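Quick notes on the structure that follows.
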Amino acid sequence: MQKNKYKYVSVGAMVAVMLLLGLYMWMTYRSEVRDISEKAGNQLPWAMFYESYHRADIVSKGDTLSLPELRGDLSNDVLSRRYHSEVSLDTLALFVDSLLSVVNLDRNFTILEVDHQGKTLRQSNNQLTTTSLKTRVFSIRRDKSKGLQLALNNPYPTLARRLSPLFLASAIILILFGAILLRLLRYLDEQKLMADLRNDFSYAMVHDMKSPLSSIIMGSRFLHSGKVDDKPEIKEKYFSIIESEAEHLLALVNKLLTISKLENKKLILNKQTVNLEIVVDDIVEKAKAKSEKNIDFIVDLLEKHVVADEQYLTEAISNLIDNAIKYSKDQIEISITSQNSDKYVLLKVRDNGIGISKEDQLIIFDKFGRAAVHEHNRKGGVSGFGLGLNYVDQVMQAHGGKVTVSSEKDKYSEFTLFIPKNV
C-alpha cells in the first residue's frame with residue numbers, strides 16, 4: 001500500500017510537471033507569435049507611407065500635397081477622393097518586402113485589402129493559407145470602411161528558430177524526468193521484491209533452524225527424563241541425534257557468517273594446491289553415508305589438481321552434491337568431472353534430477369534465490385533457505401572464478417565451477 005502511494009505521487013508529479021511545462025511552452029509560443037505579428041505589422045504603416053508618397057508623386061501632376069495629407073489613412077483617402085487613385089498592392093508589396101528583410105522576417109507574405117467587417121476585397125497574391133499569421137488592420141479611409149492587413153504565409157521557420165532551444169531544453173528535461181521517474185518506480189518495485197524475499201527468507205530460515213532446535217530440545221528432555229538410563233544403545237542414539245542436529249545448526253550459522261564475510265570482502269582465503277581426487281572421494285563417501293537413497297556416482301577427473309582454499313572449495317562442491325541429491329528423482333546418478341581450459345580448471349557436477357526452469361536459473365545464485373520460489377519448497381519440496389548456491393557463487397568470486405548452470409526441466413542440471421589456474 002505504501003509503495004502504491006509513492007507510485008501515485010510520482011506519477012502525479014510527472015503529470016503536473018508535464019502540464020506546467022506544456023503550459024509554459026504554449027504561453028511562450030503565443031508570446032512569440034504576437035511578437036512576430038507586431039514586428040511585421042509595424043512595417044506595414046511605413047510601407048503604406050512610402051507607397052502613398054510614390055503614388056502621390058505620380059498622380060498629382062505637379063499639385064502639392066501637404067505632409068499631413070500624406071500621413072497614414074489620410075493620404076490614401078485624399079488620393080482616392082481627389083485623384084481616384086487606389087492603393088497599388090504590388091508597389092506596396094515591394095516596400096513591405098524590403099522592410100521585412102531588414103527586420104529578418106520571412107518574406108513570404110500576402111497584403112490584404114479588407115472592409116470594415118474584415119472581408120477580403122483584394123489581395124496581392126494567391127499564397128494566402130489558413131495557417132497564415134495575420135497582423136492587425138490599418139485603416140486607409142477616414143470612415144474606417146477599408147483597411148490593409150499583412151499576412152505572413154510561413155512564419156514557422158522563424159518560430160522554429162526562436163523556440164527550438166526552448167523545445168530542446170524542455171524535451172531533455174522531460175526525458176530526464178521520465179528516466180528518473182522510471183528508475184524510481186523500478187527502485188520501488190525492487191524494494192518491495194527485496195522486502196518480500198527477506199520475509200520469505202526469514203520464514204524459511206526460522207523454519208529450518210526450528211527443526212534441529214526442536215530435535216535437540218526433545219532429545220535432551222528425553223535423556224533428562226531418565227527413561228533410557230538403563231538402555232545405553234538408545235541413549236547413545238539420542239546423543240548422536242542431538243550432536244548431528246547441533247552440527248547441522250552450526251553449519252547453517254557458519255554459512256551465514258561466511259557469506260557475510262565474502263560479501264564484505266573480509267574473508268581471507270588460504271590458497272594452496274588441492275588434490276581434487278582426495279576431496280571428491282571424501283565428499284562422495286560422506287554423501288553416500290548420509291543419504292537414504294541409492295546414489296550412483298560417476299567420477300572422471302582429467303585434471304586432478306587446482307589452486308584454491310581447500311576448506312571453502314570442499315564446502316562449495318558439497319553444496320552442489322547436496323542439491324543434486326535433494327532435487328533428485330528415485331534413481332540418482334551424479335557425475336563429477338574436471339577438465340582444463342586456457343585460464344581455468346572446469347569442475348562439473350551433473351545430475352539427472354528434476355532440473356531448473358529458465359526463470360529460476362536467473363535467480364538461484366541470489367542470496368534470497370530459494371526464497372523467491374519458497375512456495376514450491378514448502379509444499380512437499382525440499383528444506384533450506386537458499387544459501388547454498390549463493391555460498392558457492394560467493395566462494396568462486398572470492399577465488400576469482402565463477403559458477404554457471406545448465407539445466408533442462410525434468411531432465412538434468414549441470415553446475416560448472418571455473419577455478420582460476422593462477423595462484
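Please read these numbers as outputs of a predicted model, since none were measured by experiment.
A salt bridge links R55 to E51: at least one charged side-chain nitrogen sits closer than 4.0 Å to a carboxylate oxygen.
At a threshold of 4.5 Å between non-hydrogen side-chain atoms, the residues L417 and L346 do not count as touching. You'll find the side chain of E414 reaches within 4.5 Å of the side chain of K348, heavy atoms only. Using a 4.5 Å heavy-atom threshold, the side chains of N340 and V345 count as touching. Between L313 and V395 the shortest side-chain heavy-atom distance does not fall below 4.5 Å.
Note on ring orientation: taking the six-membered ring where Trp is involved, the planes of Y50 and W46 are tilted (angle from 30° to 60°). Under the 30°/60° scheme for interplanar angles, the aromatic rings of Y344 and F418 are found to stand perpendicular.
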What pairs of donor and acceptor atoms, side-chain ones from residues 86-105 against any protein atom, are under 3.5 angstrom apart with sequence neighbours left out?
unit_1 : atom_1 : unit_2 : atom_2 : d
E86    : OE1    : R141   : NH2    : 2.9
E86    : OE2    : S80    : OG     : 2.8
E86    : OE2    : R141   : NH2    : 3.2
S88    : OG     : T91    : N      : 3.3
S88    : OG     : T91    : OG1    : 3.0
D97    : OD1    : R107   : NE     : 3.2
D97    : OD2    : R107   : NE     : 3.4
D97    : OD2    : R107   : NH2    : 3.0
S98    : OG     : L94    : O      : 3.2
S101   : OG     : S98    : O      : 2.6

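Atom OG of S52 and atom CE of M48 lie 6.5 Å apart (nearest 0.5 Å).
Sorted by first and then second residue, the salt bridge (charged side-chain N to carboxylate O under 4.0 Å, His left out) pairs involving residues 146-175 (not counting sequence neighbours) are E32-R162, D35-R162. Counting only residues at least two apart or on different chains, the salt bridge (charged side-chain N to carboxylate O under 4.0 Å, His left out) pairs with a member in residues 117-138 are E113-R122. Residue pairs meeting the salt bridge (charged side-chain N to carboxylate O under 4.0 Å, His left out) criterion with at least one partner in residues 294-312, sequence neighbours excluded, are absent.
Residues passing the ring-ring contact (aromatic ring centres under 6.0 Å, His included) test with F297: none are found, sequence neighbours excluded. Partners of D393 according to the side-chain hydrogen bond (donor to acceptor under 3.5 Å, both in side chains) rule, which considers only residues two or more places apart in sequence or in another chain, are Q397. Listed by chain and number, the residues in a side-chain hydrogen bond (donor to acceptor under 3.5 Å, both in side chains) with T129 are T131, S132 (sequence neighbours excluded). The salt bridge (charged side-chain N to carboxylate O under 4.0 Å, His left out) check on D282 picks up K286, with sequence neighbours excluded. With sequence neighbours excluded, the residues satisfying side-chain hydrogen bond (donor to acceptor under 3.5 Å, both in side chains) with Y412 are S406. Partners of S145 under the side-chain hydrogen bond (donor to acceptor under 3.5 Å, both in side chains) rule, at least two apart in sequence or in another chain, are D143. When the ring-ring contact (aromatic ring centres under 6.0 Å, His included) test is applied to F222, the partners found at least two apart in sequence or on another chain are Y238. Remark: V280 engages V284, V299, L301, I336 in a side-chain contact (heavy atoms from CB on, under 4.5 Å) (not counting sequence neighbours).
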